[in-house]
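Down below is the structure, laid out as structure tokens.
Quick note on labels: first sequence line is chain A, next is B, and so on, each numbered from 1.
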2 protein chains.
Amino acid sequence: MSGAKRQSKKQRPDGLSRIQEMNRAKILEAALGQFSRFGYSGTTIEKIAGEAGMSKSNLLYYFASKPDIYEAVLEHILDVWLAPLRMLDPDRDPATELSAYIRQKLQMSAELPEASRLFANEVMQGAPRIRRVLEEDLKGLVAEKSEVIRHWIAAGKIRETDPVHLIFLIWAMTQHYADFQTQIELLTGQNLKDPDFRKGAEEAVIAMVLSGVGLTPGPA
Amino acid sequence: MSGAKRQSKKQRPDGLSRIQEMNRAKILEAALGQFSRFGYSGTTIEKIAGEAGMSKSNLLYYFASKPDIYEAVLEHILDVWLAPLRMLDPDRDPATELSAYIRQKLQMSAELPEASRLFANEVMQGAPRIRRVLEEDLKGLVAEKSEVIRHWIAAGKIRETDPVHLIFLIWAMTQHYADFQTQIELLTGQNLKDPDFRKGAEEAVIAMVLSGVGLTPGPA
DNA sequence: GTCTATACCCGGATAGAC
DNA sequence: GTCTATCCGGGTATAGAC
């Protein structure tokens with residue numbers, strides 16, 4: 001047995017075994033659900049573990065502490081959360097670009113409402129853990145995309161509008177359907193997962209934004 | 001001393017002494033600040049008491065428990081929160097009415113952002129304590145005001161629009177400035193308390209809503 | 001009517017067996 | 001890698017003195 005094969009733990013690229021990866025993923029998903037619903041203080045490690053199908057202690061084997069989990073979740077969703085805005089293209093026409101952006105944001109509100117609510121929660125508490133990201137990355141991104149809008153204005157393609165307010169208002173309208181989902185359901189019995197309602201929301205937001213910048217939305 | 005004057009505790013209309021009233025008010029104000037910032041679970045009775053300038057035990061003399069305080073705060077702000085919508089008047093012209101409504105909502109976001117955030121917080125958690133109010137009062141109110149908007153449409157005064165989405169979008173845009181105040185401050189360095197920024201927000205929202213329903217906002 | 005002291009419970013985190 | 005047992009801190013709420 002001398003010189004025998006060593007206990008081969010296949011060293012994967014990230015240094016994690018398959019089950020480790022899977023467990024981490026399950027934890028992050030469960031944590032997103034809990035944090036977004038109950039806020040940071042309102043969620044317990046035990047609940048997250050329960051949702052993820054494991055024991056509290058086992059969870060604490062993967063993440064050393066509660067803040068660690070929270071930050072991992074936030075980091076995990078931030079990229080996908082900001083992705084749509086990055087795609088605003090100055091070289092295409094504003095009606096197409098703005099419509100596409102709104103549709104993407106509404107799609108995210110439909111498919112990942114928890115991410116929206118987690119983000120809202122964090123910001124409402126003063127954004128203690130994502131201050132940096134907002135001040136640096138997001139601020140830069142918004143400045144960049146404001147330039148795109150100013151470019152459209154200068155080219156006479158859309159009406160004179162404050163770019164920053166325009167961006168804020170698009171965020172407000174699209175994220176509202178995720179953040180206030182409960183209220184919307186109580187008042188209408190529907191949410192973005194209903195195709196009809198989703199279409200109604202898309203039309204309402206797009207109509208408002210396009211006419212708001214002086215474009216007349218076509219019937220599609 | 002026989003038959004002397006009895007220790008006269010003036011029985012006030014609500015059965016509360018002046019200091020009791022004042023203390024209750026101070027507690028409610030402090031509680032609003034804490035709950036809106038840290039959510040229900042994130043705030044402690046001790047913090048509320050500190051903000052209200054009294055001891056934890058003394059606070060618990062006025063409110064028996066944490067949920068009691070929370071419900072009192074919610075109830076206290078709900079009326080004022082829904083007041084602006086009640087004023088939408090079908091007999092005046094839509095441009096005036098919608099502009100006034102938006103301005104009132106933005107005023108509330110400027111002066112009582114905590115109320116907005118508390119409300120958002122509660123709804124995002126599934127509205128466990130105000131389900132009733134939403135299902136009954138608010139639902140009725142929205143139905144009533146949807147009729148107002150349909151009335152304007154039928155009279156040819158505004159473009160065909162889904163009334164419920166219109167209401168949601170006005171809420172979304174106006175409340176966003178309170179709920180995401182932190183983010184807005186980090187990105188622009190301003191908030192609704194700055195007169196210039198407030199004016200910019202009013203113009204942006206009013207322009208968007210009015211043109212969205214087919215009205216051209218005048219330059220004021 | 002207000003404060004001090006304290007009981008009690010719950011959630012986060014660790015130690016150590018398996 | 002996963003579990004059980006347990007510690008510890010903090011937060012709610014109460015008992016009782018003043």
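- The aromatic rings of Y70(A) and F35(A) lie perpendicular to each other, with more than 60° between the two planes, well past the 30° mark.
- The side chain of S65(A) approaches dA13(C) more closely than any other nucleotide in the set dA13(C), dG11(C), dT2(D).
- Sorted by first and then second residue, the side-chain hydrogen bond (donor to acceptor under 3.5 Å, both in side chains) pairs with a member in residues 47-60 of chain A form an empty list; sequence neighbours excluded.
- The residue Y62(A) sits close only to the backbone: its heavy atoms come under 4.0 Å of sugar-phosphate atoms, none of a base.
- Evaluation of the salt bridge (Lys or Arg N to Asp or Glu O under 4.0 Å) rule for R37(B) yields no partner, not counting sequence neighbours.
- The ring pair (Phe, Tyr, Trp, His ring centres under 6.0 Å) pairs that include a residue from residues 96-115 of chain B number zero, where partners must be two or more places apart or lie in different chains.
- Atom C1' of nucleotide dG12(C) and atom CD1 of I45(A) are separated by 5 Å, given to the nearest angstrom.
- Under the ring-ring contact (aromatic ring centres under 6.0 Å, His included) criterion, Y62(B) pairs with no residue at all, not counting sequence neighbours.
- Atom pair F63(B):CZ and dT2(C):P shows a separation of 13 Å (rounding to whole Å applied).
- The stretch residues 31-43 of chain A has no heavy atom under 4.0 Å from DNA chain D, so no residue of it qualifies as close.
- Rounded to an integer number of Å, the gap from I48(B) CD1 to dG11(D) P is 12 Å.
- Of the options L60(B), I45(B), T44(B), a side chain to side chain contact (heavy atoms under 4.5 Å, CB included) to K66(B) is made by I45(B) and by none of the others.
- dT2(C) atom P lies 11 Å from atom CE of M22(B), rounded to whole Å.
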For a quick test of your reading: what N or O donor-acceptor pairs under 3.5 Å do the side chains of residues 124-138 of chain B make, sequence neighbours left out?
residue, atom, partner, partner atom, Å
Q125(B), NE2, N121(B), OD1, 3.2
R131(B), NH1, G126(B), O, 2.9

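- Atom pair E21(A):CD and dG1(D):P shows a separation of 12 Å (rounding to whole Å applied).
- Residues passing the ring-ring contact (aromatic ring centres under 6.0 Å, His included) test with F168(B), sequence neighbours excluded: W171(B).
- Straight-line distance from the CD atom of E46(A) to the C1' atom of dC9(C): 13 Å, rounded to whole Å.
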Atom pairs under 3.5 Å: protein N/O with N/O of nucleotides 3-7 of chain C:
residue, atom, partner, partner atom, Å
dC3(C), OP2, N58(B), ND2, 2.7
dT4(C), O4, S57(B), OG, 3.2

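- Among the nucleotides dA13(C), dG1(D), dT2(D), the one closest to the side chain of Q20(A) is dG1(D).
- Listed by chain and number, the residues in a salt bridge (Lys or Arg N to Asp or Glu O under 4.0 Å) with E147(B) are R150(B) (sequence neighbours excluded).
- Going from atom CG of L59(B) over to atom C1' of dT14(D) covers 15 Å, rounded to whole Å.
- Rounded to an integer number of Å, the gap from CG of L60(A) to P of dT2(D) is 13 Å.
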